[in-house]
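Encoded as structure tokens, the structure appears first; notes follow it.
Whatever order the structure lists them in is the order used to number ligands and atoms, beginning at 1.
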Amino acid sequence: MTDEVSRNERIKEASDYLRGTLAEGLREEITGAIVEDDQQLVKFHGMYLQDDRDLRSERSRKKMEKAFAFMIRVRIPGGVLSPAQWLALDQVARDYGNGGMRLTTRQTVQLHGIIKSNLKATLKRIDAALLNSIAACGDVNRNVMCGANPDQSQAYAAAIELARAVSDHLTPRTPAYREIWLDGERIAGGEDEVVEPIYGKTYLPRKFKIVVTVPPSNDVDVFAHDLGYIAILDDKGSVTGWNVTAGGGMGMTHGEPDTYPRTADVMGFCETKDAVAIAEAVVTVQRDWGNRLNRKHARLKYTIEDRGLDAFRAEVVRRAGVQLSPPQPFTFTSTGDRYGWSDGANGRSHLTLYVENGRLLDRAGAQQMSALRQIAQNHDGDFRITPNQNLIVANIPAERRTEIHWIAQEAGLLAPWSGLRRNSMACVALPTCGLALAESERYLPDLMTALDEKLAAHGLTAADIVIRMTGCPNGCARPYLAEIGLVGKGPGRYNLYLGAAYDGSRMNKLYAEDLEHGALVAALDPIFAAYAAERQKGERFGDFTIRAGFVAATGNGRDFHANVGNQTRRAAR
Ligand code: SRM
Ligand code: SF4
């Protein structure tokens, strides 16, 4: 490590609050790309420059520029959209994007395939729908997630209110977004602290992620995020306050044990009135204490590991000017979604749909974009994207239940029987993700078909087993919290992790490396057989793989890489 701040720090510092040369770059017609420094800055505006990796070699052979296009990630706190907003995004996706919408693991929508000359028009349409993409990416607080479980409407109302309050409070104040994308007038700059009172000129050392959840559902995977709020309920189901968690994160790099996924610590309990002040204090401590030299060591999880939780908590409490009392008891039961119909308030109902890997498209036999458009056109409730890449059509009046059920069924949006599929997630990976080492979204369905055959043979078709795949170790589908985690190592090859807790409280452990399709199925089949034959009543698959000695249990932080290969029992490979 050098003593020099990382290149991104210099780019931020020189950017004039995220302007850089983006406005000029947009006018440049010779290329579909933008210059390198602006590629970093545009993330703070919710966009990534990408290219279609399927076309790379052909275009290079023809000496053509890469097939550049942008991905836009919309900011949607708690994943809640009105029907009008849904329709606006659907229209934009078809007019300017690749025709589909990608529901993400953090409750947002990504639109892929938007060429540079259409960026402004796209963002103006998004703005007209009262949405934006400010800080959906970049070294700032990202989209704030909120548990989407529709069962507890009273507590959900408190949770979404907190998620929105935190999101609003931590949204960057720079007018750059309005100036560049919406043709806003340049507002005369003020003093630094007026422009960005919380972030300052160089924003945060790295991305920052916040979630709010209501037990017993841990659908947001609270322990995977920088900062989390767990609702504490009284016996009438009202929220009395929040346990605060800090220091979770999933990213790591293969072969670099100094990088590791980490589950968050529970720091203490706060009242609702203090929750936003705590968020600001956590963010500013990370702003000042976080590592700005090495981006691979810059997330809050490393700050807490380096400084210790006690010192971190003391500084947060000092800056917030409020107390954190000891954490209160809570119980999580799962990280999954509750599919199908559930009753809401005022005689209305919610329908949780299954969206395979979050990808919505009109395909032969499954016209999913069209189906959801049809539902939205007559809907006066709302849409909620779940943290598992699924979608809830919320607040449906009794008279529309049958029609909506039928439309969803026709489009293949009802949950399948397979317990594996119901509990699956895969990140985008190829062809758009520049960091992918292997396929993910395009491969997991085929792998699950092969695994489902094996599970059926062992009578486990309906067993709820959490499986997640990513195309690289960055962890975008939170694979280290899956009972079966699959992480891309190279083309067609994956590392296999086992032993996470079903409720999201414990990470998994590396079981086998570099497996291709056949080897993956062969590695898992005997473990399924053992699970079918030897599991105890109610025992989850992840817990079983530890008890049966296939992997050691993972504790926290650096322990993720410890005790790999110390298993007492290995399945034949
Ligand atoms: Fe992610 C980078 C996609 C959730 C950890 N992530 C990327 C990029 C932008 C690739 C890049 O930097 O060039 C991917 C764009 C792919 C594409 O073509 O669209 C990408 N991440 C996604 C999404 C779309 C996955 C999905 O299939 O749903 C998720 C969008 C979330 C959102 O709406 O905001 C997504 N990413 C996550 C999560 C899960 C979460 O937050 O709950 C994680 C792990 C949690 C965490 O942050 O620790 C995650 N993404 C990363 C990392 C590793 C960060 C680290 O600390 O090391 C990167 C790479 C980086 O930041 O350097 C990354
Ligand atoms: Fe890309 Fe890796 Fe994230 Fe998958 S996990 S979307 S391959 S960065």
Side-chain angles (χ1 to χ4, degrees), residues 6 8 39-40 42-43 46-53 69-77 79 98 102-113 133 135-145 205-211 219-226 228 247-254 256 259-264 294-302 335 355 357-359 385-390 425-444 468-481 485-489 504:
S6 68
N8 287 56
Q39 288 175 31
Q40 298 305 318
V42 81
K43 296 179 187 177
M47 283 159 261
Y48 275 77
L49 175 66
Q50 305 183 316
D51 73 287
D52 186 332
R53 293 178 60 182
F70 287 76
M71 173 269 274
I72 298 184
R73 190 182 286 168
V74 186
R75 176 188 185 82
I76 310 172
N98 64 5
R102 182 62 163 62
L103 310 185
T104 75
T105 55
R106 301 201 81 252
Q107 294 184 298
T108 62
V109 171
Q110 282 190 181
L111 304 169
H112 289 96
S133 62
C137 324
D139 298 344
V140 269
N141 175 52
R142 310 273 186 99
N143 194 47
V144 178
M145 289 166 82
R206 203 67 164 85
K207 54 175 67 166
F208 194 90
K209 300 181 173 178
I210 303 180
V211 298
D219 56 355
V220 298
D221 262 321
V222 67
F223 301 109
H225 303 272
D226 296 277
M250 295 280 99
M252 66 162 197
T253 306
H254 286 312
E256 294 186 22
T259 66
Y260 45 86
R262 181 183 193 275
T263 41
N294 176 5
R295 286 181 69 76
K296 285 197 177 178
H297 203 77
R299 292 292 293 272
L300 178 63
K301 62 183 176 181
Y302 299 116
T335 56
V355 182
N357 301 326
R359 180 71 67 180
I385 301 162
T386 80
N388 287 295
Q389 303 172 317
N390 291 313
M425 281 205 285
C427 74
V428 180
L430 294 161
T432 51
C433 178
L435 306 179
L437 305 173
E439 295 281 354
S440 180
E441 178 191 329
R442 297 196 293 196
Y443 168 52
L444 184 61
R468 297 175 182 172
M469 174 177 278
T470 55
C472 85
N474 281 320
C476 297
R478 303 186 288 273
Y480 311 113
L481 284 164
L486 296 153
V487 175
K489 192 76 190 298

Around [atom], find the nearest protein heavy atom and jot down its residue, atom name and distance.
atom                    : answer
atom 2 (Fe) of ligand 2 : Cys472 SG, 2.3 Å
atom 47 (O) of ligand 1 : Lys209 NZ, 2.7 Å
atom 33 (O) of ligand 1 : Thr108 OG1, 2.5 Å
atom 16 (C) of ligand 1 : Cys433 CB, 3.6 Å
atom 26 (C) of ligand 1 : Arg102 NH1, 3.6 Å
atom 2 (C) of ligand 1  : Lys207 NZ, 4.1 Å
atom 4 (C) of ligand 1  : Thr105 OG1, 3.3 Å
atom 5 (C) of ligand 1  : Asn474 O, 3.3 Å
atom 6 (N) of ligand 1  : Cys476 SG, 3.1 Å

### Query
Is there an N/O/S atom in Cys476 at a distance below 2.8 Å from atom 4 (Fe) of ligand 2?
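Checking Cys476: none of its N, O or S atoms is under 2.8 Å.
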Does [X] have a non-hydrogen atom less than 4.0 Å from ligand 1?
X      : value
Asn143 : no
Met425 : no
Glu441 : no
Met145 : no
Gly475 : yes

Would you confirm whether [X], through its side chain, and [Y], through its main-chain N or O, come within 3.5 Å as a donor-acceptor pair?
X      : Y      : result
Lys489 : Ala438 : no
Arg75  : Ala136 : no
Arg53  : Ala436 : yes
Arg102 : Arg73  : no

Atoms of ligand 2 less than 4.0 Å from [X] heavy atoms?
X      : value
Gly471 : 4 (Fe), 7 (S)
Thr470 : 5 (S)
Cys427 : 4 (Fe), 5 (S), 6 (S), 7 (S)
Cys433 : 1 (Fe), 6 (S), 7 (S), 8 (S)

Does [X] reach the side chain of [Y], with side-chain heavy atoms less than 4.5 Å apart?
X      : Y      : answer
Tyr443 : Met469 : yes
Val74  : Asn143 : no
Leu437 : Pro473 : yes

Pair [X] + [Y], salt bridge at N-O below 4.0 Å:
X      : Y      : value
Asp226 : Lys209 : no
Arg106 : Asp221 : no
Arg299 : Asp139 : no

Please work out whether any backbone atom (N, CA, C, O) or any side-chain heavy atom from C-beta onward of [X] is under 4.0 Å from ligand 1, and answer side chain, backbone, both or neither.
X      : answer
Arg299 : side chain
Arg478 : side chain
Arg142 : neither
Ala426 : backbone
Arg206 : side chain

### Query
Counting heavy atoms only, which of Gln39, Gln50, Met250 comes nearest to atom 48 (O) of ligand 1?
Met250
### Summary
In terms of its nearest heavy atom to atom 30 (C) of ligand 1, the top option of Arg106, Arg295, Met252, Arg73 is Arg73
Below 3.5 Å, N or O to N or O, backbone or side chain included: is there any such pair between [X] and ligand 1?
X      : value
Val428 : yes
Gln107 : no
Lys43  : no
Thr432 : yes

### Trace of the side chain to side chain contact (heavy atoms under 4.5 Å, CB included) decision for Tyr48 with Val42
CA-CA 7 Å; Tyr48 275 77; Val42 81; over 6 Å; no
For [X], atoms of ligand 1 separated by under 4.0 Å from a heavy atom:
X      : value
Gly251 : 48 (O), 55 (C), 57 (O)
Gln110 : 17 (C), 19 (O), 24 (C), 30 (C)
Met71  : 15 (C), 19 (O)

### Query
Taking all non-hydrogen atoms of both residues, which atom of Ile385 and which atom of Thr104 are closest, and how far apart?
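That closest heavy-atom pairing would be CG2-O, 4.4 Å.
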#### Entry: Parallel, tilted or perpendicular: rings of Tyr302 and His297 (30°, 60°)
parallel
